Visitor: 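Mind having a look at this structure? Questions to follow.
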Number of protein chains: 2
Amino acid sequence: MAPDKIQQTVDRMARECVGNQLRLANRVVTGIYDRELRPLKLTASQLVILALTAKQGQVRPVELGKTLHMDASTVSRNVERMRARGWLAQVPGDDERSRPFQLTAVGKQILGDASVAWERAQAKTVALVGSEGVALLRSMSKNLMKGLHPD
Amino acid sequence: MAPDKIQQTVDRMARECVGNQLRLANRVVTGIYDRELRPLKLTASQLVILALTAKQGQVRPVELGKTLHMDASTVSRNVERMRARGWLAQVPGDDERSRPFQLTAVGKQILGDASVAWERAQAKTVALVGSEGVALLRSMSKNLMKGLHPD
DNA sequence: ATGCAAAGGTTGTATATACATCCACCAGCG
DNA sequence: CGCTGGTGGATGTATATACAACCTTTGCAT
């Protein structure tokens with residue numbers, strides 16, 4: 001390719017790349033939640049697992065992976081850390097392959113504390129991204145969930 | 001807190017958390033770029049460093065960290081991997097503390113190849129998030145950059 | 001019944017990321 | 001001139017994440 005053509009594309013990459021913008025926003029925003037949750041030794045990534053598990057009562061890694069568009073091995077490893085902290089416990093599943101888990105009593109306790117911290121982080125974030133930002137992110141994440149699930 | 005109050009908050013966390021939505025979108029979209037770039041053994045996170053370095057000619061980790069809202073140590077480590085691949089090289093700085101770097105010839109070559117892959121990923125992503133998504137993410141990332149820089 | 005493909009998980013490996021700590025160097029002040 | 005605080009990096013540690021390879025267990029089709 002011609003050098004100026006490349007230079008032009010480089011400019012566009014630096015200014016227009018949706019992926020970069022998203023990763024930047026993600027770093028900033030996830031940092032807000034993580035700092036609020038730090039005293040609980042909990043992270044934003046873990047909190048969503050806690051919340052969804054509470055909601056469903058009992059879940060398997062592969063289910064959460066589909067919901068969150070996350071590799072199942074990633075979910076399993078996050079669950080493992082939380083299991084080590086005593087927040088989650090495996091329960092017997094009807095299928096010998098699957099390893100469903102649920103909240104422990106301690107896990108429920110933590111979730112209660114976390115919900116307070118979450119409210120603070122959420123408020124800060126909403127203030128930062130504005131109401132159009134909130135609306136767009138909601139519809140975007142809804143679309144992404146639909147559009148990419150092969151099931 | 002009362003159990004139902006918590007339950008209510010849990011629902012909101014699962015459905016309204018801006019951080020979760022952002023992380024979800026980030027996983028999906030970053031995956032699009034990463035898969036396009038994989039044949040080049042390059043990632044989206046590395047590409048932005050390559051592009052900004054090309055644009056500026058010569059940069060220091062701390063500078064990129066400020067631009068990208070990223071910890072300087074993270075930048076340094078990413079740069080280190082790219083240095084190991086022969087894409088970046090350190091240059092002497094006027095200050096004995098700083099370690100500026102620039103593209104190598106190989107780095108420029110890779111950037112040219114990457115710009116083609118990037119166009120494909122960008123097109124796919126734009127199709128996925130829609131034009132309002134693109135517009136909002138641009139303005140959001142601009143705001144985030146402004147609003148949080150103490151300098 | 002058998003044998004094979006699909007499903008669910010685990011483990012190995014690599015990258016990305018933040019925070020805390022520490023070290024080297026520099027700049028300005030007494 | 002010599003501290004002293006601040007800047008820029010490097011390193012240790014922990015989490016999050018994806019992909020590939022592999023192992024069990026199921027479900028099915030012949």
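The structure displayed is predicted, hence computed values, not measured ones. Chain identifiers are assigned alphabetically (A, B, ...) following the order of the sequence lines, protein sequences preceding nucleic acid strands; residue numbering begins at 1 within each chain.
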Visitor: Would you grab the first and last nucleotide of DNA chain D (5' to 3') that comes under 4.0 Å of any non-hydrogen atom in chain B?
Guide: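 Boundary nucleotides touching chain B, in 5' to 3' order, are D:dG6 to D:dC19.
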Visitor: Side chains of B:Gln46 and B:Trp87: closer than 4.5 Å at any heavy-atom pair?
Guide: yes
Visitor: Starting at the 5' end of DNA chain D, which residue's closest nucleotide do you reach first, A:Asp95 or A:Thr74?
Guide: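 Nearest-nucleotide comparison on DNA chain D picks A:Thr74.
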Visitor: Check the distance between C:dG12's P and A:Glu80's CD and give it to me in whole angstrom.
Guide: 13 Å
Visitor: Would you say the side chain of B:Asp95 lies within less than 4.5 Å of the side chain of B:Ser98, judging by non-hydrogen atoms?
Guide: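 B:Ser98 reaches B:Asp95 side chain to side chain.
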Visitor: In this structure, how many angstroms lie between the P atom of C:dG8 and the CG atom of A:Leu64, rounded?
Guide: 13 Å
Visitor: Verify whether one side chain among A:Arg23 and A:Asn26 offers a donor that lies under 3.5 Å from an acceptor in the other.
Guide: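 Result is no, nothing qualifies.
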Visitor: Looking only at heavy atoms, which two atoms of A:Ala14 and B:Lys55 are closest? And how far apart?
Guide: CB-CD, 3.8 Å
Visitor: Determine whether A:Met13 and B:Leu111 make a side-chain contact, defined as any pair of heavy atoms from C-beta on separated by less than 4.5 Å.
Guide: yes
Visitor: Write down the atom of B:Leu68, the atom of A:Arg27, and the distance for their closest heavy-atom approach.
Guide: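 In this case the closest contact between B:Leu68 and A:Arg27 is O-NH2, 2.7 Å.
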Visitor: Between N or O atoms, less than 3.5 Å apart, protein on one side and nucleotides 9-11 of chain C on the other: list the pairs.
Guide:
unit_1: C:dG9; atom_1: OP1; unit_2: A:Arg99; atom_2: N; d: 3.0
unit_1: C:dG9; atom_1: OP2; unit_2: A:Val62; atom_2: N; d: 3.1
unit_1: C:dT10; atom_1: OP2; unit_2: A:Ser76; atom_2: OG; d: 3.3

Visitor: Pick the nucleotide of DNA chain C nearest each of A:Arg27 and B:Arg85; which residue has the one closer to the 5' end?
Guide: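 Here B:Arg85 is the residue nearer the 5' end.
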Visitor: Flag the pair A:Gln122 / A:Tyr33 as yes when at least one side-chain heavy-atom distance between them is below 4.5 Å, and no otherwise.
Guide: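 Heavy-atom side-chain distance check passes, below 4.5 Å.
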Visitor: Between B:Arg83 and B:Glu80, does any NZ, NE, NH1 or NH2 come within less than 4.0 Å of an OD or OE carboxylate oxygen?
Guide: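 Salt bridge present between B:Glu80 and B:Arg83.
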Visitor: I need the CG-P distance between A:Asp34 and C:dA20, as an integer number of Å.
Guide: 12 Å
